[in-house]
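Chain A is the first sequence line, chain B the second, and so forth, proteins listed ahead of strands; every chain is numbered from 1. For the numbers below, each heavy atom of this structure counts, side chains included, while hydrogens, waters and symmetry mates do not.
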2 protein chains.
Amino acid sequence: MVDKQAVELCEDSCAGTDTDLSTVKNRMVDEASAAELAEMFKALGDPTRVKLIGALLINELCVHDLCVLLDMGQSAVSHQLRYLRNLRIVKRRKAGKTVYYSLDDAHIEQIFSLTLQHLKHSH
Amino acid sequence: MVDKQAVELCEDSCAGTDTDLSTVKNRMVDEASAAELAEMFKALGDPTRVKLIGALLINELCVHDLCVLLDMGQSAVSHQLRYLRNLRIVKRRKAGKTVYYSLDDAHIEQIFSLTLQHLKHSH
DNA sequence: TTAACATATGAATATTTGTTCATTCGTTGT
DNA sequence: ACAACGAATGAACAAATATTCATATGTTAA
């Protein structure tokens, strides 16, 4: 009872922001969408993967070239490429021994460059 | 020597993709930008923070209300809000005992909704 | 088949991260 | 001053993560 009252007191005070909580709750992103969004952003939330995507934004490239460009071990690069591939951010094409990677998702480029712009315009 | 040749052989084979590595390297996102991009995306790469932002996208809200909306402890919410505030994704306004949070960055909304669209249109 | 090579993968490890718990900091009302 | 409340914080812990190492695939050439 004491607890409930405390909650209500706060809800009252916050009602001053012109909407009540149930309205916000209804318009909020649902659990599933939140999870998907987070999963997507998490994939982009690592310097190595950002660089991989940044490189593939310019050109289709094989694993070895990505290793040279990022100055990283082959295994590490391969693991991250698999990660990106599982999320369909990146796709691969085999040609003999070498495997070429490229972006699988046009939206990534938009999201990527939109955020790049944002960073440039925020001193 | 043997190693160098191996590298060159691979570079040769990859030259077939119409650009050479030095050209790609020059056009690639630099280390600093990659780090900033990753930092930004990492902030968005967690379900809790996605939900927080999702709620604040609709309305300015106090910590307690966010706790109720997300069904989470006050401490956890507060920690995540600080995280978002350090990256200037979110800002706060004090009013007596309660602190109201809102989005600090218009770009976030763009990035957020662009990615939401993307998720909706990918079966 | 054998050797050489490009890539993939599993296990191990060190680091990072999200939440909880306990406590503290400010503010308001008594 | 005191108690009550909303929010912030630091330490601790469990879970997730990125890289390395060693090894395994699969492909090509000899």
Out of [options], which has the shortest distance to the side chain of [X]?
X	options	answer
Lys97(B)	dT7(C), dG18(C), dG26(C)	dG26(C)
Met72(A)	dT17(D), dT19(D), dC5(D)	dT19(D)
Asp46(B)	dA8(C), dG18(C), dA16(D)	dG18(C)

Exercise for the section: Decide if atom CG of Asp71(A) counts as having more than 12 heavy atoms of other residues, nucleotides or ligands within a radius under 6.0 Å. Expected result: no
Exercise for the section: Please indicate whether Asp30(A) has more than 12 foreign heavy atoms, meaning atoms of other residues, nucleotides or ligands, lying under 6.0 Å from its CG. Expected result: yes
Whole-Å distance separating the [atom1] atom of [X] from the [atom2] atom of [N]:
X	N	atom1	atom2	value
Leu66(B)	dT19(C)	CG	P	14 Å
Arg49(B)	dG18(C)	CZ	C1'	8 Å
His64(B)	dT28(C)	NE2	P	18 Å
Phe41(A)	dT17(C)	CZ	C1'	19 Å
Glu39(A)	dA16(D)	CD	P	14 Å
Tyr100(A)	dT27(D)	OH	P	15 Å

Check for a donor-acceptor pair, side chain of [X] on one end and backbone N or O of [Y] on the other, with a separation under 3.5 Å.
X	Y	value
Ser113(A)	Glu109(A)	yes
Arg49(B)	Ala43(B)	yes
Ser33(A)	Val29(A)	no

Exercise for the section: Return the minimal non-hydrogen interatomic distance between Leu21(A) and Leu69(B), and the atom names on each side. Expected result: O-CD2, 3.7 Å
Problem - Where Ala38(B) and Pro47(A) come nearest, the two heavy atoms and their spacing - result: CB-N, 3.4 Å
Are any of [X]'s side-chain N or O atoms less than 4.0 Å away from OP1 or OP2 of [N]?
X	N	answer
Arg92(A)	dT7(C)	no
Lys42(B)	dT17(C)	yes
Thr48(A)	dT19(D)	yes

Completion exercise
Note: for Ala95(A) and Tyr101(B) on DNA chain D, the residue whose nearest nucleotide lies more 5' is Tyr101(B)
Problem - Selection: residues 74-85 of chain B, any non-hydrogen atom under 4.0 Å of DNA chain D - result: Gln74(B), Ser75(B), Ser78(B), His79(B), Arg82(B)
